[in-house]
Amino acid sequence: MISRRPSHAVVCLAALDVRRSPNHRSELKSQLLMGEVVRVLSASRDRQWWRVENEGDGYRGWARNWGLIPATRARAARWRARASARVVRSSVEALSTPHGGVVVSPLFLNSRLIPLGARTGFRRLELPDGRRAWVPGRAVAVGRSRGMDLMERVRSLMGVPYLWGGRTATGFDCSGFTQQVLVEQGIALPRDAWQQFRVSRPLGNGEDVRPGDLVFFGRRGEPVSHVGLALGGGYFAHSRGRVRVNSINQDNPLCDKEILRQLVSVRRPRQGGPRGGAGTRGRPESA
């Protein structure tokens with residue numbers, strides 16, 4: 001148990017659950033990825049849970065502090081500056097030696113770590129808790145190096161199961177999927193579908209839908225509750241049961257007519273994108 005609550009912390013688990021209240025039975029709101037920095041807002045009475053805010057998207061909830069490395073504001077800033085290696089595979093095992101050894105940790109897409117050096121075909125990394133491990137060199141991008149393009153990334157995630165609150169390749173919810181795919185393209189989105197709707201703009205007259213635009217759905221008279229990624233030609237990718245591709249064209253065999261009835265609009269995310277603030281989760285889409 002950590003007796004004193006710090007101002008900041010760095011996530012040291014591959015995926016750390018964020019819950020609505022400080023209890024493992026509480027609703028899963030979201031997940032934090034290794035290397036993300038959070039502000040620590042408060043602590044539970046037993047001090048085993050911290051209420052945190054993800055600095056990347058402003059999302060708040062409760063996380064067990066066993067997955068967090070306490071940090072001062074200055075230490076958190078140093079971590080952000082040094083953690084220039086970003087995982088560009090959907091998932092990869094970080095190992096104790098380049099060609100094998102034991103698994104130090106799984107790592108998921110967009111996790112952040114400190115690059116230490118390279119050996120032919122492999123990259124050595126430092127994790128937030130000081131552990132060191134090796135991954136294939138192509139599993140990470142360092143600095144401003146880009147990962148997959150949009151279409152390749154969507155293909156790499158096809159079939160990943162739906163998980164309410166999920167942000168990893170073991171399970172995505174709809175807005176976790178769009179957020180994680182687009183951040184790789186340089187577009188930072190807030191966490192939930194209704195927040196993503198709010199920070200994107202309607203298409204202007206004569207503007208065509210293009211890959212990477214956001215396709216929003218919601219029941220009549222209710223807030224937006226589902227989002228997907230436009231791929232072009234009327235196709236869109238989304239997490240509904242699993243990551244899949246459907247069409248908004250009624251004559252296409254990939255048209256999901258149930259979700260099509262809830263189509264609200266197609267909007268364009270703004271490059272860079274603002275943080276989403278401390279919203280609450282909207283209702284899940286119809287199954």
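All of these numbers come straight from a predicted model, not from anything done at the bench.
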Asks: Enter the distance from Arg167:CZ to Leu109:CG here, rounded to the nearest 0.5 Å.
Replies: 10.0 Å

Asks: Backbone N or O of Gln48 within a donor-acceptor pair of the Arg64 side chain at under 3.5 Å?
Replies: yes

Asks: Would you find a donor on one side and an acceptor on the other, under 3.5 Å apart, between the side chain of Arg138 and the backbone of Val88?
Replies: no

Asks: Applying side chain to side chain contact (heavy atoms under 4.5 Å, CB included) between Leu125 and each of Val142, Ile114, Leu107, Val104, report the one that passes.
Replies: Leu107

Asks: Could you check Ser21 against Asn23 for side-chain hydrogen bond (donor to acceptor under 3.5 Å, both in side chains), going step by step and ending with a plain yes or no?
Replies: CA-CA 6 Å; Ser21 60; Asn23 188 309; 6.0 Å; no

Asks: Answer yes or no: is there an ion pair linking Lys29 with Asp173, defined by an N-O contact shorter than 4.0 Å?
Replies: no

Asks: So Phe217 and His226, would you call those rings parallel, tilted or perpendicular, with 30° and 60° as cut-offs?
Replies: tilted

Asks: Side chains of Gln180 and Leu157, heavy atoms from C-beta outward: is any pair under 4.5 Å?
Replies: no

Asks: Answer whether the closest heavy-atom distance between the side chains of Val227 and Phe197 falls below 4.5 Å.
Replies: no

Asks: Taking C-beta and beyond as the side chain, do Arg240 and Asp256 meet within less than 4.5 Å on heavy atoms?
Replies: yes

Asks: Counting distance only, does the side-chain N/O of Arg51 pair as donor-acceptor with the main-chain N or O of Arg60 below 3.5 Å?
Replies: no

Asks: Does Leu150 reach the side chain of Leu182, with side-chain heavy atoms less than 4.5 Å apart?
Replies: yes

Asks: Quick check against the 3.5 Å criterion: does Asn65 have a side-chain atom that pairs as donor or acceptor with the backbone of Trp50?
Replies: no

Asks: Kindly say whether Ser200 contributes a backbone atom to a donor-acceptor pair with the side chain of Arg267 at under 3.5 angstrom?
Replies: yes

Asks: Counting only N and O atoms by type, is there a donor-acceptor contact under 3.5 Å from the side chain of Ser247 to the main-chain atoms of Leu254?
Replies: no

Asks: Are the side chains of Arg20 and Ser26 in contact, using a 4.5 Å heavy-atom criterion?
Replies: yes

Asks: Is a side-chain N or O of Glu184 found less than 3.5 angstrom from the main chain of Asp149, in a donor-acceptor match?
Replies: no

Asks: Is the side chain of Gln196 donor-acceptor paired with the backbone N or O of Ser175 at a distance under 3.5 Å, no angle test?
Replies: yes

Asks: Is there a path of hydrophobic side-chain contacts, each under 4.5 Å between heavy atoms, that joins Val181 and Leu214?
Replies: yes

Asks: Is Gln31 close to Phe108 at the side-chain level, that is, under 4.5 Å between some pair of heavy atoms?
Replies: no

Asks: Just by distance, do the side chain of Glu53 and the backbone of Arg39 share a donor-acceptor pair under 3.5 Å?
Replies: no

Asks: Does the side chain of Arg112 come within less than 4.5 Å of Leu33's, by heavy atoms?
Replies: no

Asks: Do Val87 and Leu113 have side-chain heavy atoms sitting under 4.5 Å apart?
Replies: yes

Asks: Just grab all the ring pair (Phe, Tyr, Trp, His ring centres under 6.0 Å) pairs involving residues 122-152, residues at least two apart or on different chains.
Replies: His99-Phe122

